[in-house]
Amino acid sequence: MLADLASGFAALLNPMVIGFAFIGLLGGIIVGGLPGLTATMAVAVLAPFTFTMAPLVGLPFLLGVYKGAIYAGSIPAILINTPGTAAAAATAADGNAMARSGKARLALEISLYASVIADLIATMVLIAVAAPLATIAVSVGSAEFTLLYAIALTMVAAVSGDDMLKGLIATTAGILVAVVGLDPMSGAQRFTFGTTALLGGISLIPLLIGMFALSEILIRAEDALSTRPAATVKDMPKGTSISLGGLRRLMPTILRSTGIGTALGSLPGLGAEIACWVSYGVAKRMSKSPDRFGKGAPEGVAAAEAGNNAVCPAALIPMTVFGIPGDTITAVLLGAFMAQGLMPGPLMFSRDAETIYALFAFLIVSNVMLLFLGLWAVRHMQHIVSIPNALLYPSVAAFCFAGAYAVNNATFDIAIMLAGGLLGYLLRKTHLPIAPFVIGILLAPGLENALRQTLTVSRGSLSAFVDKPSALALLLVLLAILAVFTVRGLRPASSPPSQNQQRGTEK
Amino acid sequence: MDDRPTSHDKAKARDLAVGVAAMALAFAALLTIPSQVSSNAYQSFGNIRSPAFFPVIASGLLGVFSTLLVIRSRKMAGTDRKDPGGFLPSRRVVVVAIMFAAAGAAMTVLGFLATAFALIIGLSAAFGARNYATVIALAIAVPAAIHLLFRSVLSVLLPSGILF
């Protein structure tokens, strides 16, 4: 593994790779720092740019966008009390209170250092865990894979929204969309309605651009966008810097939150948005003075930021090892991997070892880059966060049209993007979660192949799912998840949907 | 007595609408499977090799879940839920959606540069931008930058038409 990692570092010694990764990180920081532009939207819109690049140039660029955006969501949260991404919602609670009391720079630096430390540790966990897990996963049979897909889909359906039943509807609707095209076993056409453009299935990236970017613009069109952010950001990032002693005092909080973010991020459905609140809640509960939380406690900023940034590398564990994306942003990344000819899953560690370890090496290197770019952002982002959305969204829309067309040079893809935009808007308005729908589309081919392969081998008998102890164990896990969530999930939500869900905000 | 619909009524109506729409999609899929997937889909149900095997399961599950949602929305308890938000889109959303559709249609006729220029001006106006000089500068600069990036740097084609 260490030799592979060393060759991964060697592969990064290419000005193109580092140059595009730098641009990606910087772009991610700018996008994440702009309230209203989400990390998922950025990755979806920018993915088509990478298709003509080599995988080792394009994928670090997209991973840079992802990491930069998740980190930078904290900047407007601290400066203007408006999280740049949903994952930074908990940061606003204490970060903005610190900024209002003249400690904006301290809050921004705590956010940066907590993010970098958490990301680095979680990356180490990813590197240590992924290859051994992939070795085990290679020997996993189709019955176990069927159940793994079912567990992932059930988890995502159960926890992505407030309502499991709607999550299940979104999942099955996504699966139904994914069967459009040619049957992988017989080659027969399915739901193509005689349209040649549908023979290859629904084009994924244009659909995702529509669902995440165009639908966000439609949702935001309900607001009066010409208004500037409520709080002034002029001269905010001043004040004292964090000392080494101050950082040392925050380390227990950062390490604990990193553990929480890594654990939650590696499970399907539990993304950075949940990790930041859980980390924040645990930090508050374990604090000797919990009453300071919400009033400018540095531990609150550190906990939330370490929690949400640890999710980034952790979410890549199920994606790279099993090909199962845990949330919407890794779902978009999975689509980008596939467009580059890489098929995430256990075999990727033997077939494309050089690429995957180069990406792991990049994740480590990107933390150093993030540290320097973050220090720049601390000083200069206050000018960028105040750009009016009324000028941003029209520019994003132009990128969407160019990106959707560029995937296959097909006008039909623009139609798919427009349909995706309308569908995404309707899903958000009706509180149907988007994550299960998208992950349903992505996992359906694997689920279908694994299920049909299992039943072919067992001659149609369902005993294949209980014969092997590993399959039986996974079946019991699936049943336990279903049992736990069914009682709660089949009831209507007892609490109102979260603010982010009402607005349909993605991280 | 106030006869206006409560937030609970709105949530109930919304869930009912979602359930009925999903149910319609499931039944439409099940009805079109014989013509769009396999003519003997239902006679040979359970045949793993049939291309209809998986679509039938997916449509069936969607039908079951949507039926459960419809039943649940009919039996929803009377506990009031906080405002679930309106369902109908605002006029600006409709205008923006029409602009998107028009841009999609015009893209291959007028070309990317001209369409993106018009789209940016239209959307900026719809979103309430009043600094016209900035908007026009943006409408020229952004499509030009995208064109330069896609065509010259990445060698990727953009829609071309009678203008550009």
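So that the names make sense, note that chain A is the first sequence line, chain B the second, and so on, each numbered from 1. Quick caveat, the model's predicted, so the values are computed rather than measured. These numbers come from the heavy atoms of this one structure, side chains and all, not from hydrogens, waters or symmetry mates.
- Of the atoms belonging to A/L432, it is side-chain heavy atoms, and not backbone ones, that fall under 4.5 Å from chain B.
- When A/I175, A/V179, A/L218 are compared by the number of non-hydrogen pairs under 4.5 Å with chain B, A/L218 comes out ahead.
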For this session: Please step through side chain to side chain contact (heavy atoms under 4.5 Å, CB included) for the pair A/Y393 and B/L123, ending with a clear verdict.
Result: CA-CA 8 Å; A/Y393 286 127; B/L123 286 179; over 6 Å; no

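- Neither the backbone nor the side chain of B/A125 comes within less than 4.5 Å of any heavy atom of chain A.
- Only the side chain of A/M53 has a heavy atom closer than 4.5 Å to any heavy atom of chain B.
- Atoms CG and CZ, on A/D183 and B/R49 in that order, are 11.0 Å from each other to the nearest 0.5 Å.
- For the pair A/R452 (side chain) and B/S50 (backbone), a donor-acceptor distance under 3.5 Å is present.
- With respect to chain A, the highest number of heavy-atom pairs below 4.5 Å among B/G104, B/A21, B/A105 belongs to B/G104.
- The most heavy-atom pairs under 4.5 Å with chain A, out of B/V96, B/T32, B/L158, come from B/L158.
- When heavy atoms are compared at a cutoff of 4.5 Å, A/L418 approaches chain B solely by way of its side chain, counted from C-beta outward.
- Only the side chain of A/S186 has a heavy atom closer than 4.5 Å to any heavy atom of chain B.
- Interface residue B/A22: only side-chain heavy atoms are found under 4.5 Å from chain A.
- Distance check: B/M99 CE to A/I217 CD1 gives 12.0 Å after rounding to the nearest 0.5 Å.
- Under the side-chain contact (heavy atoms from CB on, under 4.5 Å) criterion, A/T172 pairs with B/L61, B/L62, B/F65, not counting sequence neighbours.
- Using a 4.5 Å cut-off between heavy atoms, B/I121 makes no contact with chain A at all.
- No donor-acceptor distance shorter than 3.5 angstrom exists from the side chain of A/E222 to the backbone of B/V93, with no hydrogens or angles considered.
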For this session: For the pair A/D163 and B/R72, evaluate side chain to side chain contact (heavy atoms under 4.5 Å, CB included) and give the outcome as yes or no after the intermediate values.
Result: CA-CA 12 Å; A/D163 191 334; B/R72 197 190 69 185; 2.6 Å; yes

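- Of all heavy-atom pairs between B/P55 and A/R190, the closest is CD-NH1, 3.7 Å.
- The CG atom of B/D15 sits 3.5 Å away from atom NZ of A/K166, with the distance rounded to the nearest 0.5 Å.
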For this session: Would you please test B/T115 and A/F401 for side chain to side chain contact (heavy atoms under 4.5 Å, CB included) and show each step?
Result: CA-CA 10 Å; B/T115 311; A/F401 279 88; over 6 Å; no

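- Heavy atoms closer than 4.5 Å to chain A are found in the side chain of B/F53, but not in its backbone.
- Looking at B/S35, neither its backbone nor its side chain comes within 4.5 Å of chain A, counting heavy atoms on both sides.
- For a residue to count as touching a neighbouring chain, one of its non-hydrogen atoms must lie under 4.5 Å from one of that chain's; by this rule A/S395 touches chain B with backbone and side chain alike.
- A/L176 approaches B/A58 most closely through the heavy-atom pair CD1-CB, 4.0 Å.
- When all heavy atoms of B/L119 and A/A398 are compared, the closest pair comes out as CD2-N, 4.4 Å.
- Residues A/A188 and B/P51 come closest through the heavy atom pair CB-CG, 3.7 Å.
- Of the listed residues (A/T171, A/L182, A/T192, A/L214), the greatest number of heavy-atom pairs within a distance under 4.5 Å of chain B belongs to A/L214.
- Heavy atoms closer than 4.5 Å to chain A are found in both the backbone and the side chain of B/S59.
- Taking both residues in full, the closest heavy atoms of B/M107 and A/I414 are given as CG-CD1, 3.9 Å, listed atom of the first, atom of the second, then distance.
- There is no contact between A/F51 and chain B, counting heavy-atom distances below 4.5 Å.
- Interatomic distance, B/T67 OG1 to A/L165 CG, rounded to the nearest 0.5 Å: 10.0 Å.
- Of the inter-residue distances, the one linking B/I57 atom CD1 with A/E448 atom CD reads 9.0 Å to the nearest 0.5 angstrom.
- The minimum heavy-atom distance between A/P394 and B/I120, with the atom names listed, is O-CG1, 3.6 Å.
- Between the CZ atom in B/F54 and the CG atom in A/L451 there is a gap of 6.5 Å [rounded to 0.5 Å].
- Proximity to chain A (any heavy atom under 4.5 Å) is shown, for B/I48, by both the backbone and the side chain.
- Of all residues spanning residues 139-147 of chain B, those with a heavy atom less than 4.5 Å away from chain A's heavy atoms are B/V142, B/I146, arranged by number.
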